[in-house]
There are 2 protein chains.
Amino acid sequence: MDLSRNGHPNTKPAPKAVVGRVSLYLRQLESLQRQGLTKTSSHQLGEPFGIKNAQVRKDLAFFGQFGRPGIGYHINDLILVLRRILGVDKDWPLILVGLGNLGRALLRYRGFQSRRFHIVAIFDTDPKKIGQTYQGVTVEPLDALRKGIAAHKTSLALLCVPADAAQRVADLMIAVGIRGILNFAPVPLAVPPQVSVIAVDLSIQLENLAYKVQGSLDGVSWAG
Amino acid sequence: MDLSRNGHPNTKPAPKAVVGRVSLYLRQLESLQRQGLTKTSSHQLGEPFGIKNAQVRKDLAFFGQFGRPGIGYHINDLILVLRRILGVDKDWPLILVGLGNLGRALLRYRGFQSRRFHIVAIFDTDPKKIGQTYQGVTVEPLDALRKGIAAHKTSLALLCVPADAAQRVADLMIAVGIRGILNFAPVPLAVPPQVSVIAVDLSIQLENLAYKVQGSLDGVSWAG
DNA sequence: TAGATTGTTAATCGATTAACAATC
DNA sequence: TAGATTGTTAATCGATTAACAATC
């Protein structure tokens, strides 16, 4: 399947950094669309994120030729093509494993639904939680994982269990066919090469933020 | 102040990527310490994250010389020095602005406390929430921001308000002296250069995961 | 000693930016 | 036409990896 409109055999997988930025461009395009605009430029697409116009063009060029010299990009068209490239032109069922504080917050998170990600099953080991219904979905025991994944044809999982259970649960998920894991547990997961993991580690992010602020704060007495 | 033990005037700021990885090494060091080990190697430090030994040594070399040829690194010593470099050898008071689902989950998140990040004040605009106490902290109105930040000498903020309020609240926080923002709202923030922002955008992360999985799924019928 | 492992230099690789002919 | 903006090539920049003398 050739995802580009013109040219480009599109053989090599896109670099991770490119995909991340294309997601941002899509956000900006949708924002411009809501503002009622119909066309845009590489400058306008990258500007809110501090990305240079040449970078935007290079990133898009990876997937095909979508603009017109002297004119720019047609917003509606580019939204459709980028959604298709990123795979968000269809629904993605998700499972949520581990219904702690974070799990419950994710369950109500608006950002997922608006991007066609839907939590279709919840799993936990706590007998008090099993059988309860949250946001219209009933919590099932971990043993029901295989059946649940098959029923919903799910490839993606949100892993929100405690650190010491994370690898064990991940192994289980992979064994029953999960291909992508958004890992909220603060431990590195060992997974086979066909499985993708993205780690969401808030304390690492906060640590990096503290480092940056520390540098600019050095020798400066607190006052602002 | 020279953060390294020996050599290195330590002038240039560390590349962002280096700092991120050093955080990971610190995690691994703490894990090895809990296992009762006393020394380690560049190989062992990077292995769980798929980082090569040469990369680990290069990253550490940025801050100084901490190992001994033929021996490796002393775990306890390296933990102390990396904590100091990253700035997590001291307490960091945080403010939390926006007490929605995510805000409440962050309030109970264990990963922050264990890294000496403490939420010392909570702000929201909802009159029903103001005055309520969560985890020992009373919710205050946004007008109390300046006073609260001064009282706690806070530089860091968790921004958990809805997208359409994010920029306005960020401007307010910056005006009263906040220097670092962990932004959970799915919008880019425009901030002056002396302020650092790290965006935590779960739907972007999930989108990137879907892209990776889509590639490996292409043409493969669902079955596992 | 032989084996392990460092810090650092050199070589490789990839990513970003600038420049520009082509196009509207 | 003049001005704007593309896609792409070339130049720059930075980051990763390999190699190795020095050290324990």
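Throughout, a chain's letter reflects where its sequence line sits, starting with A, and its residues are numbered from 1.
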Checklist entry - Over how many whole Å does the gap from A/L45 atom CG to D/dT6 atom C1' extend? => result 13 Å

Checklist entry - At under 4.0 Å, does any side-chain N or O of A/S42 touch on OP1 or OP2 of D/dT5? => result no

Which pairs of donor and acceptor atoms, one on a side chain in residues 182-191 of chain B, lie under 3.5 Å apart (sequence neighbours left out)?
| residue | atom | partner | partner atom | Å |
| --- | --- | --- | --- | --- |
| B/N183 | OD1 | B/A185 | N | 3.0 |
| B/N183 | ND2 | B/A185 | O | 3.3 |
| B/N183 | ND2 | B/V187 | O | 3.0 |

Checklist entry - Taking only N and O in the side chain of B/Q44, is any of them less than 4.0 Å away from OP1 or OP2 of C/dT5? => result no

Validation: residues 101-109 of chain B side-chain donor-acceptor distances under 3.5 Å, sequence neighbours left out:
| residue | atom | partner | partner atom | Å |
| --- | --- | --- | --- | --- |
| B/N101 | OD1 | A/R108 | NH1 | 3.4 |
| B/N101 | OD1 | B/R104 | NH2 | 3.4 |
| B/R104 | NH1 | B/L99 | O | 3.2 |
| B/R108 | NH1 | A/N101 | OD1 | 3.4 |

Checklist entry - Under the side-chain hydrogen bond (donor to acceptor under 3.5 Å, both in side chains) rule, what pairs show up with a residue in residues 161-174 of chain B, not counting sequence neighbours? => result B/Q167-B/D171

Next on the checklist: So, OP1 or OP2 of D/dA4: does either fall under 4.0 Å of a side-chain N or O from A/Y73?
Outcome noted: no

Checklist outcome for this item: Those residues at least two apart in sequence (or on a different chain) that pass side-chain contact (heavy atoms from CB on, under 4.5 Å) with B/P69 are none

Checklist outcome for this item: Whole-Å distance, A/R57 CZ to C/dC20 P, equals 14 Å

Checklist entry - Is the phosphate of C/dA4, meaning OP1 or OP2, less than 4.0 Å from a side-chain N or O of B/S41? => result no

Next on the checklist: In whole Å, I'd like the distance from the NE2 atom of B/H43 to the C1' atom of D/dA18.
Outcome noted: 16 Å

Report each atom pair, protein N/O against N/O of nucleotides 15-17 of chain C, whose distance is under 3.5 angstrom.
| residue | atom | partner | partner atom | Å |
| --- | --- | --- | --- | --- |
| C/dT16 | OP1 | A/R21 | NH1 | 2.9 |
| C/dT16 | OP2 | A/R21 | NH2 | 3.0 |
| C/dT16 | OP2 | A/Q55 | NE2 | 3.2 |
| C/dT16 | O5' | A/Q55 | OE1 | 3.1 |

Next on the checklist: So B/V195 and B/P192, do their side chains get closer than 4.5 Å, heavy atoms only?
Outcome noted: yes

Checklist entry - Which pairs with one or both residues in residues 180-194 of chain B pass salt bridge (Lys or Arg N to Asp or Glu O under 4.0 Å), sequence neighbours excluded? => result none

Next on the checklist: Holding to side-chain contact (heavy atoms from CB on, under 4.5 Å), I want the full list of residues that pass it with A/S41, two or more places apart in sequence or in another chain.
Outcome noted: A/H43, A/Q44

Which pairs, protein N/O on one side and nucleotides 22-24 of chain C N/O on the other, fall under 3.5 Å?
| residue | atom | partner | partner atom | Å |
| --- | --- | --- | --- | --- |
| C/dC24 | O4' | A/P69 | O | 3.3 |

Checklist entry - side-chain contact (heavy atoms from CB on, under 4.5 Å) with B/S114: which residues, sequence neighbours excluded? => result none

Checklist outcome for this item: Here the distance between atom P of D/dT8 and atom CG of A/N53, to the nearest Å, is 16 Å

Checklist outcome for this item: DNA chain D in dot-bracket form (Watson-Crick or G-U pairs under 3.5 Å, [ ] crossing, | inter-strand) is ..||||||||||||||||||||||

Item to check | Partners passing side-chain contact (heavy atoms from CB on, under 4.5 Å) against A/P193 (at least two apart in sequence or in another chain) | outcome: none

Next on the checklist: Would the distance check show the side chain of B/D77 and the main-chain N or O of B/Y73 forming a donor-acceptor pair, the cut-off being under 3.5 Å?
Outcome noted: no

Next on the checklist: Using whole Å, what does the distance between atom C1' of nucleotide C/dG7 and atom CZ of B/F63 come to?
Outcome noted: 16 Å

Item to check | Sequence-distant partners of A/Q113, side chain to side chain donor-acceptor pair (under 3.5 Å), two or more places apart | outcome: none

